[in-house]
Enquirer: 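One structure follows; several queries about it will come next.
Since this is a predicted model, take the numbers as computed values, not measurements. So you know, we letter chains A, B, ... as the sequences are listed, proteins then strands, and number each from 1.
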There are 4 protein chains.
Amino acid sequence: MFILKKDFMKKPDKRDVILQSALRLLAEQGFHGAPMARIAEHAEVGTGTIYRYFENRDVLILAVHRMIRDELTAILLAHYPKEQSVKACFFHIGHCIIDYFIQNPLKFQYNEQFFNSPYSNEIRRNELTKATGQQDLFQELYRKGLADHIIKTMPMVIFFDLAFAPIVWAVRDHHLGFVVIDKAISNTIVSACWDSIKRYP
Amino acid sequence: MFILKKDFMKKPDKRDVILQSALRLLAEQGFHGAPMARIAEHAEVGTGTIYRYFENRDVLILAVHRMIRDELTAILLAHYPKEQSVKACFFHIGHCIIDYFIQNPLKFQYNEQFFNSPYSNEIRRNELTKATGQQDLFQELYRKGLADHIIKTMPMVIFFDLAFAPIVWAVRDHHLGFVVIDKAISNTIVSACWDSIKRYP
Amino acid sequence: MFILKKDFMKKPDKRDVILQSALRLLAEQGFHGAPMARIAEHAEVGTGTIYRYFENRDVLILAVHRMIRDELTAILLAHYPKEQSVKACFFHIGHCIIDYFIQNPLKFQYNEQFFNSPYSNEIRRNELTKATGQQDLFQELYRKGLADHIIKTMPMVIFFDLAFAPIVWAVRDHHLGFVVIDKAISNTIVSACWDSIKRYP
Amino acid sequence: MFILKKDFMKKPDKRDVILQSALRLLAEQGFHGAPMARIAEHAEVGTGTIYRYFENRDVLILAVHRMIRDELTAILLAHYPKEQSVKACFFHIGHCIIDYFIQNPLKFQYNEQFFNSPYSNEIRRNELTKATGQQDLFQELYRKGLADHIIKTMPMVIFFDLAFAPIVWAVRDHHLGFVVIDKAISNTIVSACWDSIKRYP
DNA sequence: GATGAATGAGCGTTCATTCAT
DNA sequence: GATGAATGAACGCTCATTCAT
């Protein structure tokens, strides 16, 4: 029975080890500086093993992206102030994103690369239709904000761009060493974004 | 007559043909989907010919970037309302950028890829110190805005992020077909960006 | 039975096949007439396979050289008349070298090319300090000859040149068809070399 | 008339400038490290110009070799002690060769490379039949030495190898910095070579 | 005659993917 | 299931040679 339990628990989930190695190496070395062989080596598995878990390189790259996206979604949802104001929800999201990507440089850099590669466009197209948890959140925020006349009238994607583009760029500047985002700056940014979308009083 | 002859015979500058081919292929196929041989073929020159004009691939990629940057800088400066308000200057810049990149999809896509590649970081670092015409403009805007108490207190890079990140993301959405940026939407975006940086009345 | 199986299955060591192909093609076509692709083809492996065994072209070229050098060293040492006179030792070495390179034209031609290439100088410099088995032999011969007043007073490299240069040149002439080195001529050469280094009676 | 003279004298002989540039660059950078374009640049002529004077790269390489060979031949003949003993003639040749190649490192290095390249074999074969001035000298020395019973009985090429191989190797060691050939060492070498070929007293 | 821009075959090397063990 | 040796197409780049001017 112990043995059974051991067997059941033993795998340190090879798939996950590969995913983590891919995250690190692709983020650090760039999408075109991390060969499959190196990812395998870092994960301490055979090269061929990767192909048991991921059909090919593209699938692996997509999988890492999904891992990050799902993790962030979970964080956003964890303490989501569903019952509070649109503004409160927006600030929650803004600060969560900043904190998450400041604390996870690799994941940020990965995403940055991902969104500027052939992979992302298809993804993005899908996400606008087949909503994930994250998209659900954003769309709901947008709809509620519009319905309550709290945000300006504008297409949803524009709302999205105004709300989050500066946050992402600022985090990039932080990781590049151009600025240090502390709590104060973080507030400045999220507040300013809010100013850009909120309807005039 | 000599001048006529010169004008008549002026070669369709091979360097420029290569630059245009590189722009198109690198933008369309991605930085890693456009081999030198294909760029040469598209430019209707021999592979080796590229290397007469550009020391290597990296130099070519940088040269295309500079071409775009310089072109945009020229447009920004052409009718720059130097004597007018910070707000007027900001709106000028914002609209110029949107118009330019809406009208030049390839150049936009090229820049997008460029800024997420190893090339850009060095460039960016340089540009923050050794200012180009464009940077001059932005920095002056920031300084004047701060000095006149027109914009909120914040580091320059954050100012830059708030001001331009949504514009860039919106143009991307336009080219991806997620939204059509017409004059009205363009105004919405630039105004919203202005709201995010301007000091409260 | 296990041993039998092992022996039976032992693979025809791919590294060695590559080494032999490199030896043949580099010797026959010249260092600059034998592309990696042709070496691979001759070895009946994929081009990339070479790079599993040899980091790059230079390493392969050095490896072939080492193979030859080590083989010759082994032959020299096999029946080395350690206890006999300096003269006996010298004749042993001289005849071994002639015999070895007469019987192994490819290895001779390879070495000839090797020693006139950028590779060799570094090697040679190293070998003069960090002695290999072969160098050990030569140096010992020189020291003993000097100590016993059997050879003329001269720097070691000059001793080396007098002793072996004619041998190498003669073998080259043999392979070029300018002379046939039989036992008698072989003796003539080694004796003459001995005359050039031995102290007058 | 002055003009005529000027015209007649004016060309700094482009062919010769090319030859000198080829000598220097091929010797210094190696036969495979000196492209035609670089040779042309060094000679301050257009790339294509080389092809007016030399049909192709191989012809240029052969021409440089011939230049060196003819120069050395002239030196050997200049003060050749035709009327004196075989030994005197041999010493003359030996010392001339050493001096010439010690004083002309580029020419020595060029020759070294030349003799270990596909070019040389054909040359050598020709030279053994169609005698140049140099070969004439050597052959005469050999024949006279044999006829007068001054040198040992051996084929001519072996005679040649014994007589000159150590000299060439020693000069190489000199240029590589392994030994400094001064007058004393020079004598040691030539004397030793003489010992190797001279008949026992 | 002299030029040097243009060419493109050819090189060394990499790496996603397969498959025998 | 796991492995990693093997593959070969593809890449960036070089350079001997040509030829329009």
Enquirer: So with a 6.0 Å cut-off around CD of C:Q29, is the heavy-atom count from everything else above 12?
Expert: yes

Enquirer: Kindly say if B:K14 contacts the phosphate of E:dA5, meaning a side-chain N or O under 4.0 Å from OP1 or OP2.
Expert: no

Enquirer: Under 4.0 Å between any heavy atoms, over every strand shown, what does D:R52 touch: base, sugar-phosphate, or nothing? Just pick one.
Expert: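 Base: the residue D:R52, judged by heavy atoms under 4.0 Å, touches a nucleobase.
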
Enquirer: Under 4.5 Å between any side-chain heavy atoms of A:F115 and A:N111, yes or no?
Expert: yes

Enquirer: Between F:dC15, E:dT17, F:dG12, which nucleotide gets closest to the side-chain atoms of D:P35?
Expert: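 Shortest atom-to-atom distance from the side chain points to F:dC15.
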
Enquirer: Looking for any heavy atom pair under 4.0 Å, which part of the strands does A:F54 touch: base, sugar-phosphate only, or nothing?
Expert: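 No contact.
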
Enquirer: Go nucleotide by nucleotide along DNA chain F from the 5' end; which of B:Y51 and C:E44 gets its closest nucleotide reached first?
Expert: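 Of the two residues, C:E44 wins.
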
Enquirer: Given atom CZ of B:R57 and atom P of F:dC13, what is their separation to the nearest angstrom?
Expert: 8 Å

Enquirer: Please give, in whole Å, the distance from E:dC11 C1' to C:N56 CG?
Expert: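 Result: 14 Å.
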
Enquirer: To the nearest Å, how far apart are C:Q29 CD and E:dG10 P?
Expert: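 So the CD-P distance, C:Q29 to E:dG10, works out to 15 Å.
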
Enquirer: With nearest nucleotide decided by heavy atoms, which residue, C:E55 or B:T47, maps closer to the 5′ end of DNA chain E?
Expert: B:T47

Enquirer: Provide, to the nearest angstrom, the distance between the CD1 atom belonging to B:I39 and the P atom belonging to F:dG12.
Expert: 8 Å

Enquirer: CD of D:E28 to CG of D:L23: how many Å apart, nearest 0.5 Å?
Expert: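 These two atoms lie 8.5 Å from each other.
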
Enquirer: Just how far, in rounded Å, is P of F:dG12 from CG of B:L25?
Expert: 12 Å

Enquirer: Please report the distance, rounded to the nearest Å, between CG in D:L26 and C1' in F:dA16.
Expert: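 Between C1' of F:dA16 and CG of D:L26: 13 Å.
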
Enquirer: Check the distance between F:dA6's C1' and C:D13's CG and give it to me in whole angstrom.
Expert: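 Interatomic distance, CG of C:D13 to C1' of F:dA6: 15 Å.
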
Enquirer: May I have the distance from C:F31 (atom CZ) to E:dC11 (atom C1'), rounded to whole angstrom?
Expert: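 That distance rounds to 17 Å.
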
Enquirer: Output yes when at least one side-chain N/O atom of C:Y53 is less than 4.0 Å from OP1 or OP2 of F:dA6, else no.
Expert: yes

Enquirer: Which base, if any, makes a Watson-Crick or G-U wobble pair with F:dT21, both distances under 3.5 Å?
Expert: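 With both distances under 3.5 Å, F:dT21 matches E:dA2.
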
Enquirer: Determine the sole option in C:R38, C:H42, C:E44 for which the side chain to side chain donor-acceptor pair (under 3.5 Å) test with C:S21 is passed.
Expert: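 Only one option passes, and that is C:H42.
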
Enquirer: Using the closest heavy atom to pick a nucleotide of DNA chain E for each, name whichever of B:V45 or C:G33 lands nearer the 5' end.
Expert: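 Nearest-nucleotide comparison on DNA chain E picks B:V45.
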
Enquirer: Check whether any side-chain heavy atom of D:E71 lies under 4.5 Å from a side-chain heavy atom of D:K107, and answer yes or no.
Expert: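 The answer is yes, as the side chains (C-beta and beyond) meet within the 4.5 Å cut-off.
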
Enquirer: Nearest-nucleotide wise, let me know which of D:A37 and A:G46 is further upstream toward the 5' end of DNA chain F.
Expert: A:G46

